[in-house]
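Structure first, then comments.
Computed from heavy atoms alone, side chains included, the values below leave out hydrogens, waters and symmetry copies. Every chain is numbered from 1, with letters handed out A, B, ... down the list of sequences.
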Protein chains: 2
Amino acid sequence: MATIYQVSELAGVSLATVSRVMNKNTRVSDKTKQKVLDAMEQLGYKPNSIAQSLASNCTNSVGILVSELHGPFFAQMMAGIESELRAAGKHVIITTGHSEEDKEQEGIEFLISRRCDAIILHVEAVSDDYLIKLSKGSTPVYLMSRYVEQLKDNCISLDNQLGGYLATKSILNQGHTQIAYIAGPQFKADAFNRLEGHKQALTEADIKFDPALYYIGDFNETGGSKGLKHFIDEKLSFTALVCANDEMASGAMKYAREHGYNLPNDLSIVGFDNVIFANYLYPTLTTIDNPIGKMGEMAAKLVLKDVYQNKNLVINRFFEPTLMQRDSSAPLIK
Amino acid sequence: MATIYQVSELAGVSLATVSRVMNKNTRVSDKTKQKVLDAMEQLGYKPNSIAQSLASNCTNSVGILVSELHGPFFAQMMAGIESELRAAGKHVIITTGHSEEDKEQEGIEFLISRRCDAIILHVEAVSDDYLIKLSKGSTPVYLMSRYVEQLKDNCISLDNQLGGYLATKSILNQGHTQIAYIAGPQFKADAFNRLEGHKQALTEADIKFDPALYYIGDFNETGGSKGLKHFIDEKLSFTALVCANDEMASGAMKYAREHGYNLPNDLSIVGFDNVIFANYLYPTLTTIDNPIGKMGEMAAKLVLKDVYQNKNLVINRFFEPTLMQRDSSAPLIK
DNA sequence: ACCTTAAATGTAAGCGCTTTCATATGCAAT
DNA sequence: ATTGCATATGAAAGCGCTTACATTTAAGGT
């Protein structure tokens, strides 16, 4: 593989000049520039990005930590980040944390040791304090779907409470008053805030939050089926079920159907996230659209602006979810 | 951030010695080793992986090119690759090709210019010749779900024909004889081979392949709905529909339901891939399990063995799909 | 023609490591 | 003590770039 030295030799100029034409930041006369370009062409020269990184102290890489590589939610987020960054010639190094504290920390250290210019994290298990300490280090840290007051400029977050509110509100608007709720693990901020929104909507409608109609699931399909089973086994009376994410809603739908429910007439179900398969379900799932792909793009833009001095990018750190009314929820039939 | 030089100074040894204790490949006396370890500990030293890469000509990174970041299929594949590689201390650089020739090529060049130690590709648009030429270069190339004879040692592939055969066979076994088929784009080898399997099963059952009951879809949900629409509009008679992937099967299911079909009694549907949501659909989708996650792991192992000299790994380059009989297909009711 | 300046180009010192080769050290055998 | 050899350590070159600084060249003003 050709090196800059061979290019300089062939073009009859110094290394520095070749470097200059590559980096376009210093003026080089058109004549020499052309000679260099020709030489590069002729040798099929590709700069060694590792050497560039070492010399310039910039790796042009951004680390990303997600909980899981599979799962529609993270996929959309990564797709958003990658496309934006890739267009700017940066690359992404992706790793996983599996929602476990030690694995998340290990993943973060891994990315830092790789000298990423910045890291974008979707962490769930690690503490706020850890993140605050982390961001004092030399690698800029950005947070997805997590809001930490001290790090607010580096957070791209969704108004989960609003989402929770919209979900329940949509059901209330349809005349339901007995509403069961399957939450996510409450140590996860988004799960907590979604529940807050649910409570807010209930309060607004003068309905008391009933702990009996509340179940904590695991954000997976099984959480939804187990939750619904729990409510049914307890012989509770409810006409609608709000789930803190789509996976659980899907599990609940499946369980309901297997137990003779006719959806949505016997039971209205609402999810959260609007993952890709929400629209594949039967009936199609009413859910709250979580613009995670857009948020990913925005995180990338923020990095581009902060870290790579890409001045004129407009940043929006807060995103609002919206209701996607589909067929899994319907007006209450009296 | 501490450098190796500072460690050597603190430990009272030379750079070379520090490097040796890091790389564990040369003997260092226990006494000095301990001094160095202590110094590292005290300084919180983390080696600069960029400098290591430049000096050792090994980046410890593996490039991955997939068509899309989202999409359950690629997610499982990436998850398989990442977990295996990560455990070996390697990292993955992921980029996308969007099934377009120029984007795929660009992505590949991007990964190579990043000096990945190897690249694992899931390419669809690029030609065999291009791949053969590519693999003559200095970066080892591995292919997922694509078989190129000249590169056979570097291919991890699925027996798509067998899969296509199994899908149609399962339907034949249920007594169906009028079977429609929605294929994928025929320039994609897997789509082509799945169709071959379908034909093989028909032939074996003495049924003539009927071009009228054949439609080429786009591997997306719309391909399935359009395909089924086509068959229905043409007023063709068929009791089963085999789709070359799950997305299309899902689209077809949706269309069928919207047009009054009672599934699976009025129409049996079979998909291919067993993506995560196949089990979320209603009725649950009968499909062909594509062990893409395992194949990803295997590709990673192959790289570990070939490129990183991890001798004792057992490699299996061929995978066989299996039938997942679920509820979307059922015996023909006479 | 000569001097002043700005623009273009070259020189060389790093960036933080790995690795070859040379040297020093220790120890057993003579 | 002396030699020989294996083992542990150090010195220094080099990986392919960037960039501060020095030098050359060209252009403009008198």
Side-chain angles (χ1 to χ4, degrees), chain A residues 1-40 43-61 89 112-117 138-139 308-309, chain B residues 1-40 43-61 89 112-117 138-139 308-309:
Chain A
M1 198 136 247
T3 71
I4 196 175
Y5 180 75
Q6 296 167 36
V7 174
S8 76
E9 217 169 29
L10 183 61
V13 299
S14 71
L15 296 191
T17 304
V18 178
S19 176
R20 285 187 185 105
V21 346
M22 284 199 291
N23 297 304
K24 322 175 187 304
N25 42 19
T26 323
R27 277 214 50 72
V28 175
S29 74
D30 287 349
K31 207 174 51 189
T32 27
K33 183 189 282 183
Q34 198 51 52
K35 279 193 297 185
V36 171
L37 257 19
D38 289 348
M40 284 179 170
L43 292 169
Y45 173 75
K46 292 267 180 355
N48 180 325
S49 60
I50 297 296
Q52 288 181 315
S53 296
L54 183 61
S56 65
N57 197 30
C58 167
T59 60
N60 286 311
S61 70
I112 291 179
S113 81
R114 238 68 213 200
R115 295 307 201 263
C116 293
D117 295 333
S138 51
T139 308
Y308 298 114
Q309 288 84 37
Chain B
M1 198 137 249
T3 71
I4 197 176
Y5 181 75
Q6 295 167 38
V7 173
S8 77
E9 217 169 29
L10 182 59
V13 298
S14 72
L15 295 192
T17 304
V18 177
S19 177
R20 286 186 186 106
V21 347
M22 284 198 292
N23 295 304
K24 319 175 190 302
N25 42 20
T26 324
R27 276 214 50 73
V28 175
S29 75
D30 287 350
K31 207 174 52 193
T32 26
K33 182 190 282 182
Q34 198 51 53
K35 277 193 299 187
V36 171
L37 258 19
D38 288 348
M40 285 179 169
L43 292 169
Y45 172 74
K46 292 265 184 348
N48 181 326
S49 60
I50 298 296
Q52 288 180 315
S53 295
L54 182 61
S56 67
N57 197 31
C58 166
T59 60
N60 286 310
S61 69
I112 291 178
S113 82
R114 237 66 213 203
R115 297 304 201 263
C116 293
D117 296 332
S138 51
T139 307
Y308 297 115
Q309 286 83 38

Separation of atom [atom1] in [X] from atom [atom2] in [N], rounded to whole Å:
X: A:Arg114; N: C:dG16; atom1: CZ; atom2: P; answer: 17 Å
X: B:Asn57; N: C:dG16; atom1: CG; atom2: C1'; answer: 16 Å
X: B:Glu9; N: D:dG10; atom1: CD; atom2: P; answer: 13 Å
X: B:Met40; N: C:dG16; atom1: CE; atom2: C1'; answer: 13 Å
X: B:Gln6; N: C:dG16; atom1: CD; atom2: P; answer: 9 Å
X: A:Lys31; N: C:dA7; atom1: NZ; atom2: C1'; answer: 13 Å

Quiz item: Closest nucleotide of DNA chain D for B:Ser14 versus for B:Leu54: which of these residues is on the 5' side?
Solution: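 Going by which nucleotide is closer to the 5' end, it is B:Ser14.
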Practice problem: Could you give me the CA-CA distance, side-chain angles and deciding distance for A:Gln34 and A:Asp30, then say whether side-chain hydrogen bond (donor to acceptor under 3.5 Å, both in side chains) is met? | Solution: CA-CA 6 Å; A:Gln34 198 51 52; A:Asp30 287 349; over 6 Å; no
Exercise. Would you classify B:Ser53 as touching base, sugar-phosphate or nothing, given that sugar-phosphate means primed atoms plus P, OP1 and OP2, and contacts are heavy atoms under 4.0 Å?
Key: nothing
Exercise. Would you classify A:Ser49 as touching base, sugar-phosphate or nothing, given that sugar-phosphate means primed atoms plus P, OP1 and OP2, and contacts are heavy atoms under 4.0 Å?
Key: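 Since no nucleic acid heavy atom lies under 4.0 Å of A:Ser49, the category is nothing.
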Quiz item: OP1, OP2 of D:dT7 versus side-chain N and O of B:Ser29: anything below 4.0 Å?
Solution: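 For D:dT7, OP1/OP2 do not have a side-chain N/O of B:Ser29 under 4.0 Å.
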Quiz item: Does B:Arg27 have a side-chain nitrogen or oxygen under 4.0 Å from the phosphate oxygens OP1 or OP2 of D:dA8?
Solution: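 True: B:Arg27 side-chain N/O within range (under 4.0 Å) of D:dA8 OP1/OP2.
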Quiz item: Can you give one letter per nucleotide of nucleotides 17-25 of chain C, going 5' to 3': B for a protein heavy atom under 4.0 Å from the base, S for sugar-phosphate only, - for none?
Solution: BBBBB----
Could you check if a side-chain atom of [X] sits within less than 4.5 angstrom of a side-chain atom of [Y], using non-hydrogen atoms only?
X: B:Lys33; Y: B:Val36; result: no
X: A:Thr59; Y: A:Arg114; result: no
X: A:Lys46; Y: B:Ile112; result: no
X: A:Ser14; Y: A:Ser8; result: no

Quiz prompt | Check: B:Gln52 main-chain N/O paired with B:Ser56 side-chain donor or acceptor under 3.5 Å | solution =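 Indeed, once roles are kept as given, a pair shorter than 3.5 Å links the two residues.
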Quiz item: Which one of A:Val28, A:Val18, A:Val21 satisfies the side chain to side chain contact (heavy atoms under 4.5 Å, CB included) criterion with A:Val13?
Solution: A:Val18
